[in-house]
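What you see is a predicted model; the values in this text were computed from it and never measured.
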Amino acid sequence: MKNSARKSLNSIGLSSLLVIFVVLASVTLSVMCLITVRQDLDRAKKLAVTHEEYYSADTKATEKLDSLYLLLANDSVTDISAAARELRELGIEVTGGNRENRVLTFSWSETVNSGSRLVCKAEYENENLVITSWKIISNNYYEEENSLPVWNGESLPV
């Protein structure tokens, strides 16, 4: 009689431990999933802000490009170099256009955020305006890491 009572207690205790382990494992996995989802949400919000900042700067740069197209399409403007003052008021720098260099280069930039800006360049030659550059430039300057010895294959690092 003693042995049968002992066996039933062991079987009840083992199944209880198994249920407790399954519940703990489920709770642990649920918490890990919740943390992952929260991190994904934060990353998505940061990405949305970054895209909004970029497209805002892109819109401003495109408006300057439209102003440049309008100026170049205006038949009353015969000397584009003379109209450079109007372009400088818009934030567009003009280089070239002298007798030796018939290519005019227009450049302007828009701030995207505190860490980057959108830099645009266009060239005007033979009555054609061609966009040569439209890219994001980082405002952060990085210094090369030289404090760690790196093996270059010739000798052992000291």
Side chain to side chain contact (heavy atoms under 4.5 Å, CB included) partner of Val112, chosen from Thr50, Leu118, Asp58: Leu118
With a 4.5 Å heavy-atom cut-off, do Lys45 and Leu41 have their side chains touching? yes
Which atoms form the tightest heavy-atom contact between Arg88 and Val94, and what is the distance? NH2-O, 3.9 Å
Do Leu47 and His51 have side chains that get closer than 4.5 Å, going by heavy atoms? yes
NZ of Lys135 to OG of Ser109, rounded to nearest 0.5 Å, is 12.5 Å
When you group the ILVMFWY residues by side-chain heavy-atom contacts below 4.5 Å and let the links chain together, are Val119 and Leu90 in the same group? no
Is there a path of hydrophobic side-chain contacts, each under 4.5 Å between heavy atoms, that joins Tyr69 and Tyr124? yes
If Ile, Leu, Val, Met, Phe, Trp and Tyr residues are connected whenever their side-chain heavy atoms lie under 4.5 Å apart, and connections chain through other members, are Ile136 and Val49 in the same group? no
Would you say the side-chain atoms of Ser56 pair up with the backbone N or O of Glu52, donor to acceptor, closer than 3.5 Å? no
Can Ile137 be reached from Ile131 by stepping across I, L, V, M, F, W or Y side chains whose heavy atoms are under 4.5 Å apart? no
Under the side chain to side chain contact (heavy atoms under 4.5 Å, CB included) criterion, do Lys64 and Leu68 qualify, and how do the steps go? CA-CA 6 Å; Lys64 289 183 181 180; Leu68 185 59; over 6 Å; no
Are Val19 and Val27 linked, directly or through other ILVMFWY residues, by side chains that come within less than 4.5 angstrom of each other? yes
All heavy atoms of Ser107 vs all of Lys121, minimum pair found to be CB-CG, 3.9 Å
Report the distance from atom CG of Leu129 to atom CD of Glu123, rounding to the nearest 0.5 Å. 9.5 Å
Measure the shortest side-chain to side-chain distance between Leu70 and Ser67 over non-hydrogen atoms and say whether it is less than 4.5 angstrom. no
With a 4.5 Å heavy-atom cut-off, do Leu65 and Trp134 have their side chains touching? yes
Measure the OG1-CD distance between Thr111 and Glu53 for me, rounded to the nearest 0.5 Å. 10.5 Å
